[in-house]
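Throughout, protein chains are lettered first and strands after them, A, B, ... in sequence-line order, and every chain is numbered starting at 1. Because only heavy atoms are used, hydrogens play no part in the values below, and waters and symmetry mates are left out as well, while side chains stay in.
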Amino acid sequence: MNIFDLYLDKIISLVKTLSKDDLIKLPDNLDGINVDIPPSNFNCDISTNVSMVLSKINKKSPIDIADQLIKVIKSNDSDIERISVAKPGFINIKFNSKYWNNFIKEVNSNYKNFGVNSKEKKQKYLIEFVSANPTGPLHVGHCRGAILGDVISNILIFNKHNVSKEYYVNDYGNQIINFTKSVFLRIREKLNNEKFPTENTDLYPGDYLIDIANNIIQNNKKINFENFDAISKDLTILAVAESLKLIKKNLQSLGIVHDKFISETQLVKNNEVEKVIDYLKKKKLVYEGKIQAPKKEDETKWIERKQLLFKSTNYGDDKDRALQKNDMSWTYFASDVAYHNNKLNRNFDKLINILGADHAGYIKRITSVVEALSNKKNKIICKVSQLVKLVKDGKPFKMSKRKGDYITVEDLITEVGKDATRFIMLNRSSDVELDFDFTKVKEKSKDNPLYYVQYCYARISSVFRHVELDINKDLNVKKYNFKYSDAEIKILKKISEWPKCIEVASLRLEPHRIPIYLYELSSEFHSYWNLGKDDESKRFINDKRKISDDKLVFLKIISNVIKSGMNIVGVDTPEKM
RNA sequence: GCGCUCUUAGCUCAGCUGGAUAGAGCAUCGGUUUUCUAAACCGAGGGUCGGUGGUUCGAGUCCACCAGAGCGCACCA
């Protein structure tokens, strides 16, 4: 139940009636009309700009139109306490207590669906995220995209969409060969005491490879680790499986579970790459040609060569993209084309890809391919998560893959915990770089928004505990005819914004709006709570250790909104802290 | 050189797809605990929304140009 949308419908049907009776002229397009939250310094609940939109065509000032409209609006709505016109021509409405009683009743009895965007068409989504190379455990850099993807899924699921979460396993190509070689050398180190060549920069030096090597030795006693070429294929499968085990464990400790893992090697094996490229050739979108050197590049070093190219310039990319390497094997892009074709064949309504900032340049070519393959625009949405700058003790902290001194997800979770990581990573728009300060995130104080919101829920729980009620049980109130104070209505207004928050978060795939909303709601609640210090009548529990129904249902709906918000974010709401 | 993203208070950032007097937190200064949880609250100071033009009833928000920061620009994934 979105009160802003409901009122917008009301206003629109009202002006339509007026126009039928020839009392007012309407423009062709009514989309400009909206019903919004007024700034807090105006003492009213909702406001609308109708009169500004109607002003031009009626050749009257917005104020005059507004004066005309408020009489009609008021006489059509018994829930209005006060209606007024403000400066440029806004119509401001304040509701009476009957309205807020109905609101609170509605929210309490349908709390499970409060906030769900019911007008959105239910769709089938495929969201691909993380997809880090299976060459070792995840590190901090992967976290943001992982959490972003997970919470976007949660929002879509909350809105009753069908969502499939997928991880694309890049188990094909040079870096995998290097990885397998590194595992092989670690095995040799263990079995034959041959020193691992740490000076070779192509290899993976990390200590986790020793564990992987040990596991493989333990479980595969029959394999003869003499000749790399003889066993490289089998060893790749084993090594990737070990990596994926680590990655899945990392994801699990972040609270993330993917529905499906798709292997690049499998796509290549099934000839899906050839098939899709043949198809694109027939559509004249793949051809043999040359790529010119970018301006920056030293032209003497540039080797121009005929190769298979995809015509992404047809779709606005700056150059066509290579599909084959000079050894004729497929490029990463080629198998990604096949992967996206595979996605499209599974009949999803929308595809979502979550990418890291360093892959942002990749978006154009992949959206081009999806457009070419599906003949549809906007079938795929790519969402970029910007970098996370790590800060430790007030100083930037650089990770180096070379030295192997990067912070893994496991380190992060043991140090700051899953909930704090998720909440902090989401507390900013994904479009901006994020400072992740270890010392601050660990602090259990007001510096940390997670605890601020959790504390709000814990305070409400403590009231329920004191009056011996279960906060998790449904609350049945027989009669709603309460009188709420201005301070309480302020919070009810904030509650009424929850569906709007969800709507925008889901429409624009911006999950950060949820933690921000929860913080604001908590702030208003804490403020209200402290009123009880000076004024005993504002306390929830009275001197007879009882709580009245109005306060009880008021607390209940706040706690429900916090709980469903925190569920979407994927963090706990402890009843005691 | 090209592309993408960003620029809002001393610092870190919100700003609901164009609305009213631009908001939080931190930091600074000053207050509130015989109390349902002080992990909280209240108050004060702090702003040319990077710059210049444009679009319109109305711009932090949209467009153009300029400046600055980050990321990317092979047959690496």
Side-chain angles (χ1 to χ4, degrees), chain A residues 4 32 34 36-42 47 49 52 55-56 61-62 86-90 92 131-133 135 170 172-176 264 291 293-297 302-303 305 307-308 317-319 322-333 335-336 356-364 384 386-387 389 427-429 431-435 437 440 443-449 451-452 454-456 458-463 465-467 497 500-501 503-505 507-508 510 512-513 516-517 519-520 523 526-534 536 539-542 545 547 576-577:
Chain A
F4 303 96
N34 53 40
D36 257 310
I37 306 152
S40 53
N41 46 322
F42 290 86
S47 77
N49 65 346
M52 261 105 88
S55 150
K56 207 171 192 177
S61 83
K87 221 180 16 191
F90 288 103
N92 289 333
S131 299
N133 292 337
T135 55
N170 304 129
Y172 178 84
N174 290 329
Q175 36 99 38
I176 284 294
E264 184 180 357
I291 301 185
K295 283 238 164 102
K296 179 197 120 189
E297 202 74 24
W302 185 265
I303 310 152
R305 171 180 92 76
Q307 57 194 157
L308 270 189
D317 204 355
D318 6 310
K319 54 181 127 187
L323 295 161
Q324 267 177 330
K325 303 184 198 171
N326 62 29
D327 66 358
M328 301 309 273
S329 65
W330 298 117
T331 61
Y332 172 78
F333 176 58
S335 37
D336 216 14
D358 50 344
H359 288 71
Y362 197 73
I363 294 177
K364 198 76 222 181
V384 174
Q386 288 297 329
L387 291 181
K389 277 189 287 184
N427 209 20
R428 296 271 178 273
S429 154
D431 293 337
V432 299
E433 283 189 22
L434 176 100
D435 285 345
D437 190 325
K440 268 194 185 161
E443 246 171 69
K444 296 195 171 182
S445 74
K446 56 188 168 181
D447 277 17
N448 193 326
Y451 297 109
Y452 189 84
Q454 286 185 330
Y455 187 43
C456 177
R459 275 183 150 171
I460 296 174
S461 302
S462 93
V463 173
R465 215 170 27 245
H466 276 277
V467 295
E497 290 171 24
K500 215 168 175 159
C501 171
E503 185 186 328
V504 176
L507 204 70
R508 299 178 23 174
E510 293 181 341
H512 72 279
R513 288 172 190 274
I516 286 168
Y517 171 88
Y519 187 89
E520 287 167 357
S523 171
H526 285 309
S527 176
Y528 179 77
W529 177 278
N530 277 272
L531 291 176
K533 271 184 195 167
D534 300 327
E536 289 206 19
R539 290 188 197 165
F540 294 102
I541 300 172
N542 59 28
R545 310 289 297 162
I547 184 166
K576 245 182 182 172
M577 287 173 76

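B:A64 is paired with B:U52 under the criterion used here, namely a Watson-Crick or G-U wobble arrangement in which both key atom distances are under 3.5 Å.
Among B:C57, B:U21, B:G15, the nucleotide with an atom closest to any side-chain atom of A:N41 is B:U21. For A:I37, taking side-chain heavy atoms from C-beta onward, the closest of the listed nucleotides B:A40, B:A14, B:C16 is B:C16. Closest approach to the A:A357 side chain among B:A20, B:C71, B:C75 is made by B:C71 (side chain taken as heavy atoms from C-beta onward). Residue A:K533 places its side chain closer to B:A40 than to any other of B:A20, B:G15, B:A40. For A:Y332, the side-chain atoms get nearest to B:A77 when compared with the rest of B:A20, B:U32, B:A77.
In this structure, A:E264 reaches the sugar-phosphate backbone alone: every heavy-atom distance under 4.0 Å involves primed, P, OP1 or OP2 atoms, never a base. Residue A:R545 is classed as having no contact, given no heavy-atom separation below 4.0 Å to the nucleic acid. As judged by a 4.0 angstrom heavy-atom cut-off over every strand, A:N49 is placed among the base-contacting residues.
Put simply, the side chain of A:R305 and the base of B:C75 share a donor and an acceptor less than 3.5 Å apart.
When rounded to the nearest whole Å, the span between CG of A:L434 and P of B:A14 equals 9 Å.
A:W529 has a side-chain polar atom (N or O) that falls below the 4.0 Å cut-off from OP1 or OP2 of B:A38.
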